[in-house]
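Source: prediction; values computed, not measured. The first residue of the sequence shown is numbered 1, and numbering continues consecutively from there.
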Amino acid sequence: MRLIIAEKPSLARAIAEALPGGARREDGALHAGDSIVTWCLGHLLEQAPPDAYDPAFKQWRLDHLPILPSRWQLSPRPKARGQLAVIRKLLKQAHEVVHAGDPDREGQLLVQEVIEYLGWKGPVSRLLVSDLNRPAVQRALARLEDNAHYQPLYRAAESRSRADWLYGINLTRAWTLTGRQAGHDGVLSVGRVQTPVLGLVVRRDAEIRDFKPHPFYVLWADLAVASGQLRAWWQPGENHRLDEQGRLLEHAPAQALAERLPGAEGRLTSLETRQKRQSAPLPYSLSALQVDAARRFGLSAKAVLDICQRLYERHKLITYPRSDCRYLPEEHLAQARATLASACGQDETLRGWLAGADFSLRSKAWDDKRVGAHHALAPTGKPAKLERLERTEADVFRLIARNVLAQFYPPLITREVKAEFTILAERFRASGQELLQPGWKPLFTTREEAPPLPPLTEGESCRVTACEVEERETRPPDPFTDASLIKAMMNIARYVDDPEVRRTLREHDGLGTEATRAGIIETLIERGYLVRQKKSLRATRLGSGLVASLPEAASRPERTAQWEQRLTAIAEHGDDPAPFLCALIEDLRGLLGSADANRLRQAMATAQGEVAAAPKRRGAADKRRGGRSTSPRTRRKPRTSA
């Protein structure tokens with residue numbers, strides 16, 4: 001008997017339906033011919049709590065830290081014991097096992113840790129499913145791989161899990177106990193990813209709060225030229241008082257020039273024309289979709305993830321959504337016309353976009369070399385009856401379909417013109433853009449570009465017909481939103497000062513993963529470290545105080561981003577995990593040594609930020625993971641997810 005272990009019930013159903021013969025349901029499994037398909041329910045196992053290694057660790061004490069397991073243990077999650085028993089029973093009957101976790105690092109861990117925990121020693125194949133429609137699942141079943149090829153991915157995921165445990169358990173206990181000494185009654189949760197994300201928001205809020213606006217001045221002049229009129233802007237020289245962005249800080253020079261300009265004549269001294277060819281935006285990764293959906297529809301990152309999961313699992317309209325890739329397999333290109341025609345034929349907007357597509361075109365999106373365990377989000381080809389979906393589901397599906405359809409549109413071609421005039425020995429600049437070929441742009445709602453300039457000839461004369469000095473004021477940076485925070489997590493190198501580290505980080509993933517970024521934001525809100533104010537995300541006093549009490553390195557992105565870099569080396573190049581964990585432990589000892597009650601007391605007393613929303617009433621399971629008991633001696637372990 002062949003036993004196929006899927007990551008979740010929806011995937012198990014899709015696999016069973018793709019197998020020959022009808023599937024029948026029996027106690028936690030589906031029988032189809034000589035195969036049985038069973039499933040996990042997310043993680044059935046979790047890292048064992050500290051007291052599993054030593055009962056003394058049940059009590060939180062500073063002199064226990066750091067807690068460093070010598071032989072790692074896993075424990076069944078309380079609600080998963082029944083399904084774990086089903087899998088154990090089926091493994092005893094199996095001759096072959098197929099690992100059908102999601103095609104990513106966490107999916108590899110989730111199923112393989114169950115197989116190893118239950119002691120299976122026989123052969124294991126790997127089934128990679130990124131599309132739940134029957135033809136796609138049948139194709140995947142026809143090309144099973146040896147699971148041994150994915151051992152480095154498993155080791156990376158296992159190392160990540162252990163690193164999170166070491167970091168979260170030890171630092172959360174240290175800061176909670178130190179906080180208790182400082183008079184703070186509650187768990188202070190610290191994580192390798194959540195705390196740097198919180199640090200981004202805290203520092204942005206401080207920039208906004210400490211921002212001192214200052215006025216600056218701009219002078220424009222309307223110019224009559226041979227073929228029409230245009231507006232040009234004065235470029236003050238370095239002999240004037242300018243800020244770091246070259247903005248004029250004094251009104252008098254601009255006003256003095258403005259008084260001399262009316263009727264003045266000048267000449268076009270420099271003309272630069274450049275044709276710009278721009279390809280369509282690539283199909284979406286999850287994070288890129290979360291950014292666009294937040295901007296366009298005001299959806300939170302978690303809402304977009306949940307919508308995508310429904311479109312994938314329940315409606316089977318899109319391919320695997322938790323993808324960090326923006327490219328598509330080359331084999332999909334041949335089927336693209338039929339897939340998109342089927343998917344888009346029942347919606348007026350999508351039909352209009354489909355009608356304009358030229359399937360003889362091939363964009364750079366079709367590239368096997370850029371596709372890893374999963375590819376960009378795309379329609380599966382199942383007809384999309386969008387009127388039967390929730391409005392937000394239809395909105396998100398249209399975005400996904402649009403970005404794939406856009407690959408079959410010609411490029412956007414524009415002509416950009418930059419002109420520099422000399423008037424009264426001063427420089428004035430004007431720029432414009434002419435649309436030569438709209439290409440894919442009509443599918444997208446984008447900001448208006450600069451209007452075109454009239455035809456110009458270098459050396460021609462001009463005359464000032466009007467001018468004005470405008471007083472403006474510098475503005476603080478905008479607060480983070482779901483969209484901008486997800487984007488910051490994706491492009492974390494922008495927030496790193498060290499140029500060498502920044503250059504390295506550009507080549508690797510940012511903070512968190514496609515699957516975890518939305519959850520990290522929600523976790524920070526649930527723990528009272530962030531609040532939502534309309535679309536903005538702001539730090540609370542508690543969140544700001546926690547960041548101020550920690551060593552700066554714990555709330556900055558360099559460390560955790562470099563961890564992801566090392567985990568990638570384990571997953572992709574088979575690096576040994578031991579040096580990574582040894583370096584982490586050494587780093588951890590230094591962080592623990594910096595826990596200080598006086599510093600924490602002062603940080604909490606002087607913290608600035610928003611008032612946290614009242615916490616939701618938590619169930620027993622939540623209390624087991626992170627709740628606060630009435631007695632300090634019987635406090636339960638906190639949740640230690642990243």
Side-chain angles (χ1 to χ4, degrees), residues 43 46-47 104-106 109 156-175 187-204 285-287 290-291 300-302 305 322 324 480 482 484-496 501 504-505 508-530 537 539 543 546-547 550-571 577 580-581 583-585 587-588 591 625-626 638-642:
H43 280 280
E46 61 187 357
Q47 290 294 335
D104 58 12
R105 195 169 72 189
E106 205 62 21
L109 173 69
E158 184 181 60
S159 300
R160 191 277 312 154
S161 179
R162 293 172 177 178
D164 283 346
W165 191 97
L166 288 167
Y167 198 84
I169 287 287
N170 285 290
L171 291 184
T172 296
R173 287 194 173 201
W175 255 257
V187 172
L188 290 174
S189 177
V190 182
R192 70 169 183 106
V193 178
Q194 62 155 313
T195 305
V197 173
L198 174 61
L200 287 175
V201 181
V202 168
R203 284 186 284 275
R204 172 63 60 85
S285 65
L286 175 60
S287 289
Q290 286 169 322
V291 170
S300 71
K302 183 177 186 302
L305 175 57
R322 295 176 183 237
D324 60 355
F480 276 115
D482 276 74
S484 60
L485 188 54
I486 288 283
K487 194 166 185 179
M489 294 162 76
M490 292 166 63
N491 302 297
I492 198 61
R494 297 178 183 176
Y495 298 85
V496 173
V501 175
T504 302
L505 293 180
H508 294 82
D509 292 335
L511 284 177
T513 66
E514 304 296 316
T516 62
R517 286 174 185 143
I520 289 164
I521 295 173
E522 297 304 319
T523 295
L524 290 170
I525 293 171
E526 289 170 7
R527 292 177 178 169
Y529 298 153
L530 296 182
L537 292 166
L546 174 60
V547 167
L550 288 161
E552 185 178 10
S555 66
R556 295 196 65 88
E558 286 87 343
R559 174 188 283 104
T560 189
Q562 288 169 340
W563 286 11
E564 285 296 332
Q565 180 180 333
R566 293 169 189 167
L567 291 170
T568 299
I570 296 169
F580 163 65
L581 290 173
L584 185 158
I585 291 168
D587 192 23
L588 189 59
L591 291 170
R625 290 180 175 86
R639 192 177 300 178
T640 56
S641 60

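When all heavy atoms are compared, the tightest approach of Val202 to Ala539 is CG2-CB, 3.7 Å. Of all the heavy atoms in Ala157 and Leu109, the pair that sits closest is CB-CB, 3.5 Å. Of all heavy-atom pairs between Ile492 and Pro557, the closest is CG1-CB, 3.2 Å. Looking at every heavy atom in both residues, Thr195 comes nearest to Ser189 through OG1-O, 4.4 Å. Considering all non-hydrogen atoms of both residues, Glu514 and Ser287 come closest at OE1-N, 2.6 Å. The shortest non-hydrogen separation linking Val547 to Ser555 is CG1-OG, 3.7 Å.
Taking CG from Leu550 and CG from Leu546, the interatomic distance works out to 4.5 Å, rounded to the nearest 0.5 Å. Rounding to the nearest 0.5 Å places CZ of Arg192 at 9.0 Å from CG of Leu511. To the nearest 0.5 Å, atom CZ of residue Arg566 and atom OG of residue Ser159 are 12.0 Å apart. In this structure, CZ in Arg517 is found 8.0 Å from CG in Asp324, a value given to the nearest 0.5 Å. In this structure, CG on Leu588 lies 5.0 Å from CG on Asn170, to the nearest 0.5 angstrom. Note that OG1 of Thr172 and OH of Tyr167 are 9.5 Å apart. Values are rounded to the nearest 0.5 Å.
Two residues are said to be in side-chain contact when any heavy atoms from C-beta on lie closer than 4.5 Å; Leu537 and Ile525 meet this criterion. Put simply, the side chain of Ile169 does not reach to within 4.5 Å of the side chain of Gln47, judged on heavy atoms. Contact check for Asp482 versus Gln290: no side-chain heavy atoms found under the 4.5 Å cut-off. In this structure the side chain of Glu106 never reaches within 4.5 angstrom of the side chain of Thr513, judged on heavy atoms.
Remark: side-chain polar atoms of Arg559 are paired, donor with acceptor, to backbone N or O of Ala553 under 3.5 angstrom. The backbone N or O of Phe480 lies less than 3.5 Å from no partner atom in the side chain of Ser484, so there is not a single donor-acceptor pair.
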>> If you apply the rule side-chain contact (heavy atoms from CB on, under 4.5 Å), what do you find for Leu584 with Arg162, and how did you get there?
In response: CA-CA 10 Å; Leu584 185 158; Arg162 293 172 177 178; over 6 Å; no

> side-chain contact (heavy atoms from CB on, under 4.5 Å) between Gln194 and Tyr529: does it pass, once the steps are laid out?
Replying inline: CA-CA 10 Å; Gln194 62 155 313; Tyr529 298 153; 4.1 Å; yes

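Checked for salt-bridge contact, Asp104 and Arg322 miss the test: no charged N lies under 4.0 Å from a carboxylate O.
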